[in-house]
Amino acid sequence: RRADCPHPKHLELDFFQPGCYSSALKKHPTRKPHIMKIRTALILFFIILPSSAHAISETDYASQYAASVRPLYEGGTFGEFAGTDGLLIKYAAFEQDNETGALIILHGKSESYIKYAELVYDLQDTGLSCYLMDFRGFGFSERLLDDDPQKVYVDSFDDYVEDLQTFIDDVVMAKPHAKLFILAHSM
C-alpha cells in the first residue's frame, strides 16, 4: 500500500481514491473489482437510458415539471417500515407492470428521496421499477434528535446498513425482480 493512501484495506474500498488505484493495480494486476461497478454504470447510463429515457426541457421547466414529473411522482406508492430500534423509515416505490429489473435509489447527505422525482420520471420507460428510501434522520424518516431537523445523528453507521437491508428484504424483494441495481449518492 502506498504511504499516501488513506485506506488500510484499499483493495476492498474505493479504487477512485487518489493514490489507491495505481498501487493496487501494481500489486494485484489481475484483481480489478472496480470494473464491475464501471461496467454496470456504463450499461445503465449509455445503453439503457439514452434509448428509452424521458427528459424535460429547460425551456419552461417549471410548467413541464408540474405537468409531467409531479403527476408520475404522486402516483407512486409511499410507505414506511420499522428500522433498527423501531425508528420509522419512509420509502417510495414506482413499480412497472412489465418490468425488466429494479433500481434502488439511495440519496446522499442532507437529501431526501423527493430530490429524485425527476430521475424516476426520466427512467419511466426503461422497464425498471424504482425504489427509494430516506435514511434515518433524513427527509421524511424519523430522527433520533428532535431539536433541529437539519442535524443528523445516528448511533452507528451500521444502523443505516441494517435499515437498507430491511428495505431490500421487505419492500424491494416483496416481489421477484430479474435484475437488481443500486444507484447511491455520497452515503
Side-chain angles (χ1 to χ4, degrees), residues 12-16 32-84 88-141 160-187:
E12 299 171 27
L13 296 172
D14 187 0
F15 273 71
F16 296 102
K32 301 177 185 177
H34 63 286
I35 296 297
M36 287 302 294
K37 292 181 196 175
I38 295 170
R39 187 177 335 156
T40 302
L42 291 174
I43 289 169
L44 184 63
F45 291 105
F46 293 107
I47 297 173
I48 296 172
L49 296 184
S51 64
S52 57
H54 287 268
I56 59 175
S57 170
E58 294 296 319
T59 308
D60 198 26
Y61 179 85
S63 66
Q64 287 185 43
Y65 188 95
S68 301
V69 177
R70 192 173 185 121
L72 177 81
Y73 181 79
E74 290 172 350
T77 301
F78 299 87
E80 63 188 27
F81 63 90
T84 301
L88 291 180
I89 307 299
K90 304 288 185 158
Y91 70 87
F94 302 88
E95 296 179 327
Q96 300 282 341
D97 290 332
N98 298 309
E99 76 166 34
T100 57
L103 174 64
I104 300 169
I105 301 171
L106 303 171
H107 65 80
K109 173 126 176 32
S110 303
E111 293 182 339
S112 169
Y113 62 67
I114 199 168
K115 178 181 177 181
Y116 295 88
E118 189 174 351
L119 177 61
V120 170
Y121 172 81
D122 291 344
L123 296 173
Q124 67 181 312
D125 286 340
T126 62
L128 294 173
S129 290
C130 294
Y131 297 87
L132 300 88
M133 178 189 88
D134 272 346
F135 286 105
R136 60 180 48 231
F138 293 96
F140 301 103
S141 290
Y160 291 132
V161 175
E162 291 173 23
D163 291 345
L164 177 58
Q165 188 64 59
T166 301
F167 176 63
I168 293 171
D169 292 344
D170 296 352
V171 177
V172 177
M173 298 309 291
K175 71 177 208 175
H177 304 286
K179 297 175 187 170
L180 186 61
F181 301 97
I182 295 179
L183 174 67
H185 179 249
S186 84
M187 290 283 292

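Scope of the values below: all heavy atoms of this structure, side chains included, with no hydrogens, waters or symmetry mates. Because the structure is a prediction, the values reported are computed rather than measured. For the single chain, residues carry numbers from 1 onward in sequence order.
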Test of understanding: with side chain to side chain donor-acceptor pair (under 3.5 Å), list the residues that count as partners of [X], not counting sequence neighbours.
X: Y116; answer: E111
X: Y65; answer: none
X: D169; answer: Q165

Does the side chain of [X] reach to within under 4.5 Å of the side chain of [Y], using non-hydrogen atoms?
X: Y73; Y: Y121; result: no
X: I56; Y: V69; result: yes
X: T126; Y: T100; result: no
X: V171; Y: F81; result: yes

Review point. Where is the tightest heavy-atom contact between S186 and G108, given as atom of each residue plus distance?
Key: OG-CA, 3.2 Å
Study note, to complete from the structure: Tightest non-hydrogen contact, residues A92 and F94, listed as CB-CE1, 3.8 Å
Check your understanding: Who pairs with D60 by side chain to side chain contact (heavy atoms under 4.5 Å, CB included), at least two apart in sequence or on another chain?
Key -> S63, Q64
Practice item. With rounding to the nearest 0.5 Å, note down the distance linking CD1 in I182 to CG in L106. Key: 6.0 Å
Practice item. Nearest 0.5 Å please: distance from the CG atom of L180 over to the CG atom of L103. Key: 8.5 Å
Enumerate, atom names and distances included, each donor-acceptor pair closer than 3.5 Å involving a side-chain atom of residues 127-136, sequence neighbours excluded.
from	atom 1	to	atom 2	distance (Å)
S129	OG	Q96	N	2.8
S129	OG	E99	OE1	2.5
Y131	OH	E95	OE2	2.7
D134	OD1	S112	OG	3.2
D134	OD1	Y113	N	2.6
D134	OD2	S112	OG	3.0
D134	OD2	F140	N	2.8
R136	NE	D163	OD2	2.6
R136	NH2	T84	O	2.6
R136	NH2	D163	OD1	3.2
R136	NH2	D163	OD2	3.1

Practice item. With sequence neighbours excluded, give me every salt bridge (Lys or Arg N to Asp or Glu O under 4.0 Å) pair touching residues 71-83. Key: R70-E74, E80-K90
Exam field: side chain [X] to backbone [Y], donor-acceptor pair closer than 3.5 Å:
X: H177; Y: K175; value: yes
X: H107; Y: F138; value: no
X: S141; Y: G137; value: no

Practice item. Please step through side-chain contact (heavy atoms from CB on, under 4.5 Å) for the pair I104 and L183, ending with a clear verdict. Key: CA-CA 6 Å; I104 300 169; L183 174 67; over 6 Å; no
Review point. Between I89 and F167, does a side-chain contact (heavy atoms from CB on, under 4.5 Å) hold up when you go through it step by step?
Key: CA-CA 9 Å; I89 307 299; F167 176 63; over 6 Å; no
